[in-house]
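Note sheet for the following structure.
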Amino acid sequence: MSNTGNQPLIRMADIHKSYGQVQALVGANFHVNEREIVGLLGDNGAGKSTLIKVLSGAVPLTSGDIFIRGKKVELRNTGDAIANGIETIYQDSALVTQLSIARNLFLGREPLKGPAFLNRMDQDAMNDVARDLLKRVGISKNIPPTTPIGSLSGGERQAVAIARAMHFDSDLIILDEPTNNLGVAETQGVLNFVRGARDSGHSCIFIAHNIHHVFQVVDRIVVMRRGKVVADNIDPKTTTVQAVEGVITGMSEHEAEAAAT
Amino acid sequence: MENRSILQRFIARPEFGPFVLLVLMIVVFQSINPSFLSLQNISNTLAFTVELGLIALAMTLLMTSGEFDLSVGSVFGFSAVLMWTLFNAEVTSLEVAFLAALLVAAFIGFVNGIFVTQLKIPSFLVTLGMLLVVRGTALFITDGFPQRTWNAAGNWLAELLVGDFYIGSFRLYMSLVWFVLAVIVLGYILTQSRIGNWIQASGGNPGAASARGVNVSRVKIGLFMLSSVMAALAGIISSVRTSSANPNSGTGYELEVIAMVVIGGTALMGGRGTIIGTVLGIFILRMMRNGIIMIGVPGLAYNIFIGAIILGMMALHSWLERRHKAGT
Ligand SMILES: Nc1ncnc2c1ncn2[C@@H]1O[C@H](COP(=O)(O)OP(=O)(O)OP(=O)(O)O)[C@@H](O)[C@H]1O
Ligand SMILES: [Mg+2]
């Protein structure tokens, strides 16, 4: 199938996901276009993390279809998703605290040097790239790339995870609450990264509870409630924060206003 | 300033505690009994040391990946019995029997790995079960009697495994060569190779590792197989050296091996492992066994010392860890 440009990068159709008795997703429809930053909003337990876990191959879906550029794909595990150009930064840390920054950055895709059978990591190259990336994500302190993740702050850890997505430039970068626990400078670093991602040809899904952060960077806002997408074309430029909050909580705008007074 | 930070970094390493202990032990034993460091005694100690040591090295990688294997002692006894039974019954040549024993051991490790990774049963229970199955099999096929091994004399394979050679008047066993080789290869794998990174990640945060596309199950299954094969190799080497393949040999080795590994600074829960630490741990336990006898402490008291060392070392490691986290 040719890429005509109006074909979405990702389309998820009628996705259902149950964890035993708990129905986390009940017929969610969702899409992301090429070079688009989508903000995914919703209350706690709305199913945001579950939706992106399905998309990143971390949990199997109960039913539904996923298309990438119009082609149906099976994402059986995270390896499949990565191979399809989907990179995820999880809400619950996806780093190995015992390993160094550089070893985490390249985990699963370590560069090798020398003959292949020696399986030898190119640690110098890894450290050089890591040092460079840390600067780009706004860690100005001079942290050696051999530092174990365990001795970094929460924000620095998040920055490392983001640096990883930047380096392995994927078509779609999913950030699940990347600004949690971040300081001011680091939050700005993340937001800048998300903005920059569009310019360098990536798409992003950005999940955050801070609506103001979402408003600052995204092209389109999608709202989930109780396992469904209830609004998927909110333009942050023409909509107010209050109105979006109303959609998230499920109150009509009228009710939202009444509650506010 | 620079010097101080190098010293500090050395002290912060997990190998520091066991290193100091080993030096201390040598000093104490040597000052009480000057023949402790005699060539004769060192040569004797080295001979057993490396047999358990081979298992401990493999166990270090397995434990770094977050699992451990209680069946190694049984595999140690069983493999030798299997090899000699096949050979004595004139089923095959010694070489084929040797390969068969290693293959069966690899299969035992594979089964352990499948139970742990696919059925998600803790390795404590899986390998405890396997310990009994394998030991039971060894007793069953031999009726509990040791197997003859002496007709292997002069066989090239037996020579290659445990032949001895002299450097001056210092008698060394080939098994020492295998041990040194294993230290180099496994140390390299753990610290320099990509697989080593996957092993550490599998133990440290399996979720994160598999999110990055690391096949955690395959890493663990591979390491279970490695630990079984090394236990088999050690058992066979030991049977040739002592000229006996006893279905009961290796009983209790699993705990001694795990003790060696944790004393060296490898985390029982995975994520952090050190081959150098394990080498130190191996020597600490073996010298303790040898040393307390040489200084006249009754051998029966051995376990008291070993237990005390394990407790002391664990306290030290956890203290260092907390101090490190506190950021001094
Ligand atoms: N592993 C699991 N087992 C059982 N139920 C789960 C599991 N993960 C999520 N759920 C349930 O699925 C629903 C959706 O959870 P999900 O994590 O997707 O919400 P979320 O929108 O990401 O919320 P938050 O904003 O708090 O992160 C919740 O009711 C949750 O309890
Ligand atoms: Mg969530």
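Convention: sequence-line order gives letters A, B, ...; per-chain numbering from 1.
A:Val96 places none of its side-chain heavy atoms less than 4.5 Å from the side chain of B:Gln200. With contacts defined as side-chain heavy-atom distances shorter than 4.5 Å, the pair B:Asn205/A:Leu95 does not qualify.
A donor-acceptor contact shorter than 3.5 Å links the side chain of B:Asn197 to the backbone of A:Arg103. With B:Arg194 contributing its side chain and A:Glu110 its backbone, the two residues share a donor-acceptor pair below 3.5 Å. Between the A:Thr78 side chain and the B:Arg212 main chain, no donor and acceptor come within less than 3.5 Å of each other.
Surrounding CD1 of A:Ile66 are more than 12 heavy atoms belonging to other residues, nucleotides or ligands, all under 6.0 Å away. Within 6.0 Å of CZ in A:Phe67 there are more than 12 heavy atoms belonging to other residues, nucleotides or ligands. Residue A:Arg109 places its CZ atom among more than 12 non-hydrogen atoms of other residues, nucleotides or ligands, all under 6.0 Å distant. Within 6.0 Å of atom OH in A:Tyr19, more than 12 heavy atoms from other residues, nucleotides or ligands are found, so the atom counts as buried in its surroundings. Within 6.0 Å of the CD atom in B:Glu95, the count of heavy atoms belonging to other residues, nucleotides or ligands exceeds 12.
With a 4.5 Å cut-off on non-hydrogen atoms, A:Leu107 touches chain B through its backbone and its side chain both.
Of the listed residues (B:Gly196, B:Gly213, B:Ala201), the greatest number of heavy-atom pairs within a distance under 4.5 Å of chain A belongs to B:Ala201.
A distance of 8.0 Å separates CE of A:Met121 from OG1 of B:Thr191, quoted to the nearest 0.5 Å. Atom-to-atom distance recorded for B:Arg272:CZ and A:Thr97:OG1 is 10.5 Å, nearest 0.5 angstrom.
Across all non-hydrogen atoms, the minimal contact from B:Tyr188 to A:Asn119 is OH-C, 4.5 Å.
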